[in-house]
Amino acid sequence: MFSAATPRASNDQPVPRHVAIVMDGNGRWAKRRFMPRGMGHKAGVDSLVKVVQAAADRGIGYLTVFAFSSENWKRPEEEVSGLMSLLIVALSKHLTKLESDGVQIRVVGDLTTVSSKVRQALLDACEATAHNDRLVLTVAFNYGGRWDMVQACQRIVADGVPADQVTEATVSRYMAMNYAPDPDLFIRTGGEVRLSNFLLWQSAYAELVFTDCLWPDFDGAELDKALAAYWQRERRFGDVGQDEPPEAGLAVNTSGN
Ligand code: FPP
């Protein structure tokens with residue numbers, strides 16, 4: 001199931017190659033402290049920086065975080081512009097360290113509708129870290145799983161791929177994250193139990209872990225809890241488990257009668 005090259009944790013369990021996170025709960029974290037929501041997002045950035053380091057230390061190769069969804073534009077204008085400014089500040093504050101820590105930053109999402117300042121900050125960060133290979137941090141920005149599927153379909157059609165040649169592999173190649181394996185582990189913080197349009201195609205077989213921990217409180221220890229939950233799961237990818245007895249009906253049929 002896991003290739004020989006899969007890194008193993010100290011408990012000899014396979015480390016997920018790709019972890020995707022919906023970083024939810026910033027607003028509630030701030031509210032509980034009688035702070036404006038923006039302070040929660042600011043604390044969320046600090047949390048993200050810690051978790052990137054923790055993920056790299058544990059041998060996770062790909063970490064993908066939902067920083068701004070296609071639906072987040074519906075938030076009050078002040079919060080949206082605050083998130084945009086925070087992104088620019090966060091990149092300028094943390095880029096040097098991320099770069100020297102071997103983190104490669106990539107971005108997925110519709111950048112055509114974000115401001116040129118934000119777009120440029122993201123693209124500059126990608127360019128500055130393109131040579132790194134310790135951990136690929138993908139920032140999903142103005143991203144939605146449905147958007148991703150639509151853009152893939154549009155490009156398949158634009159490339160003139162004949163309908164009967166469109167396979168699952170074709171679609172995967174046109175998805176925004178075609179450079180990464182599908183997520184093995186999908187974590188959502190903040191207590192909600194839904195996917196919220198994140199990596200819908202890619203997470204078909206991801207193990208889902210939902211935690212009440214609010215994102216600004218999430219750290220390496222919380223990541224370890226999610227990994228422990230992941231290791232409890234038996235990943236079958238639609239097959240039967242190795243120790244699974246044959247289904248009763250099939251066992252009867254093998255008699256040849
Ligand atoms: C959800 O919390 C979080 C977001 C919409 C943004 C996540 C962003 C960060 C962690 C910061 C890094 C990203 C950028 C853009 C700099 P919420 O506000 O929905 O929390 P709530 O559910 O408690 O209200």
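These numbers were taken from a predicted model, which means no experiment stands behind them. Read the numbers this way: they start at 1 and go in the same order the structure lists the ligands and their atoms.
Selection from Arg75, Glu79, Arg37, Arg28 by nearest heavy atom to atom 19 (O) of ligand 1 gives Arg75. Here atom 6 (C) of ligand 1 lies nearest to Ala67 when heavy atoms of Ala67, Gly82, Gly25 are compared.
In terms of protein heavy-atom proximity, atom 20 (O) of ligand 1 is closest to Gly27 N, 3.0 Å. Closest protein heavy atom to atom 1 (C) of ligand 1: Met23 O, 3.3 Å. At the shortest separation from atom 12 (C) of ligand 1 among protein heavy atoms lies Val45 CG2, 3.8 Å. Remark: minimum distance from atom 4 (C) of ligand 1 to any protein heavy atom is reached at His41 CE1, 3.9 Å. Summary of contacts: the protein heavy atom closest to atom 10 (C) of ligand 1 is Asn26 ND2, 3.4 Å.
In this structure, Ala90 does not count as a contact residue of ligand 1, since none of its heavy atoms falls inside 4.0 Å of the ligand. Under the 4.0 angstrom criterion for non-hydrogen atoms, Phe68 is not in contact with ligand 1.
A salt bridge does not link Asp219 with Lys225: none of the charged nitrogens is closer than 4.0 Å to a carboxylate oxygen. Note on Asp182 versus Arg17: no salt bridge recorded, every NZ/NE/NH1/NH2 to OD/OE distance being 4.0 Å or above. Under a 4.0 Å N-O distance rule, the pair Arg134/Asp101 does not qualify as a salt bridge.
Listed by number with element, the atoms of ligand 1 under 4.0 Å from a non-hydrogen atom of Leu87 are 16 (C). Taking every heavy atom of Trp215 and a limit of under 4.0 angstrom, the matching atoms of ligand 1 come to 10 (C).
In this structure, Tyr179 and Tyr62 have tilted ring planes: the angle between them lies in the 30° to 60° band.
A cation-pi arrangement is absent between Arg75 and Trp73 under the rule of less than 6.0 angstrom and at most 45 degrees off the ring axis.
Looking at ligand 1, you'll find an N or O of Asp24 within less than 3.5 Å of one of its N or O atoms.
Judged purely by distance below 3.5 Å, without hydrogens or angles, the side chains of Asn142 and Thr113 pair a donor atom with an acceptor atom. In summary, the side chains of Thr64 and Arg106 do not present any donor paired with an acceptor at a separation below 3.5 Å, with no hydrogens or angles considered.
With a 4.0 Å heavy-atom cut-off, ligand 1 is reached by the side chain of Asn72 but not by its N, CA, C or O.
When hydrophobic side chains of Ile, Leu, Val, Met, Phe, Trp and Tyr are connected at separations under 4.5 Å, Phe34 ends up as a singleton with no cluster partners.
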Name the atoms and distances for all side-chain donor-acceptor pairs under 3.5 Å in residues 153-166, with sequence neighbours left out.
residue, atom, partner, partner atom, Å
Arg155, NE, Gln151, OE1, 2.9
Arg155, NH2, Tyr174, O, 2.6
Asp159, OD2, Tyr174, OH, 2.7

